[in-house]
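Quick notes on the structure that follows.
Basis for what follows: all heavy atoms, side chains included, without hydrogens, waters or symmetry-related copies.
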Amino acid sequence: IQRHAHLASAVKLEFVNGREGKLAKAVLTAISNQHRGSGEDREERAVSIRWTLWGRQAEHAAEYLGKGSHVNLVGRLHNNNYQDAEGGEVYAIEFTVEDIDYLDSKAESEARRSRHTNGAQARQPATA
């Protein structure tokens with residue numbers, strides 16, 4: 001699957017235990033437009049998809065991407081079915097990124113990070 005999208009929120013980075021030690025895992029939510037029909041019957045709706053990235057790719061995404069970043073994602077879809085606490089079957093679909101293109105310019109990316117950093121500092125209480 002391939003999607004041209006904008007990030008709906010910041011990339012969430014965590015480190016999980018892997019076979020060879022800690023492994024970076026990042027989760028991002030991307031919003032893309034889906035089109036159906038043609039002509040006057042054409043409909044457009046926003047689709048939100050959660051994607052998972054691993055390793056260095058995850059670390060780079062967390063460092064360089066933020067809410068609103070424009071990306072092109074290529075990945076695979078797979079089932080992740082499991083049983084819930086009551087023993088019922090839960091059907092889940094996950095998307096794993098295989099390739100990601102950063103579509104914002106360096107200036108756009110730096111401006112977004114600066115706005116995020118300044119906004120976070122403004123929300124912190126003043127210290128005496």
Audit row: Arg45, Arg36, side chain to side chain contact (heavy atoms under 4.5 Å, CB included) steps and yes/no: CA-CA 9 Å; Arg45 66 179 181 164; Arg36 288 191 170 178; 3.6 Å; yes

Pairwise side-chain contact, Phe15 with Glu59, heavy-atom cut-off 4.5 Å (strictly under): yes

Can you hop from Ile1 to Trp54 via hydrophobic side chains spaced under 4.5 Å? no

What ring-ring contact (aromatic ring centres under 6.0 Å, His included) pairs are there with at least one residue in residues 23-52, not counting sequence neighbours? Trp51-Phe95

Val97 reachable from Leu13 in the ILVMFWY side-chain graph, under 4.5 Å edges: no

Hphob cluster co-occupancy, Leu28 + Val47, side-chain heavy atoms under 4.5 angstrom: yes

Do other residues, nucleotides or ligands put more than 12 heavy atoms under 6.0 Å from Glu44 CD? yes

Would you indicate whether the side-chain heavy atoms of Glu89 and Asn81 approach each other to under 4.5 Å? yes

Which residues satisfy the side-chain contact (heavy atoms from CB on, under 4.5 Å) test with Glu86, sequence neighbours excluded? Asp84

Between Asp104 and Gly68, which heavy-atom pair has the shortest distance, and what is it? OD2-O, 4.4 Å

Does Tyr64 OH have over 12 foreign heavy atoms under 6.0 Å away? no

Counterpart residues, ring-ring contact (aromatic ring centres under 6.0 Å, His included), relative to His6 (two or more places apart): His70

Going from OG on Ser38 to CD on Glu43, what distance comes out if it is rounded to the nearest 0.5 angstrom? 11.5 Å

Less than 4.5 Å apart, any side-chain heavy atom of Ser32 and any of Arg3? yes

Do Thr96 and His78 make a side-chain contact, defined as non-hydrogen atoms from C-beta onward lying under 4.5 Å apart? yes

Less than 4.5 Å apart, any side-chain heavy atom of Ile93 and any of Asn79? yes

Side-chain heavy atoms of Lys25 within contact of Thr52, under 4.5 Å: yes

With hydrophobic residues grouped by side-chain heavy-atom distances under 4.5 Å, do Leu23 and Val27 end up in a single group? no

Verdict with reasoning, Leu73 to Gln2, per side chain to side chain contact (heavy atoms under 4.5 Å, CB included): CA-CA 6 Å; Leu73 300 161; Gln2 178 174 348; over 6 Å; no

Minimum heavy-atom separation for Ile31 and Ala8, please, with both atom names. CG1-CB, 3.6 Å

Membership question, hydrophobic clusters at under 4.5 Å side-chain separation (ILVMFWY): are Leu7 and Tyr102 in the same one? yes

Within-4.5 Å side-chain heavy-atom neighbours: Leu53 and Ile100: yes

What closest approach, in Å, do Ser48 and Thr29 show between heavy atoms, and which atom pair accounts for it? OG-CG2, 3.1 Å

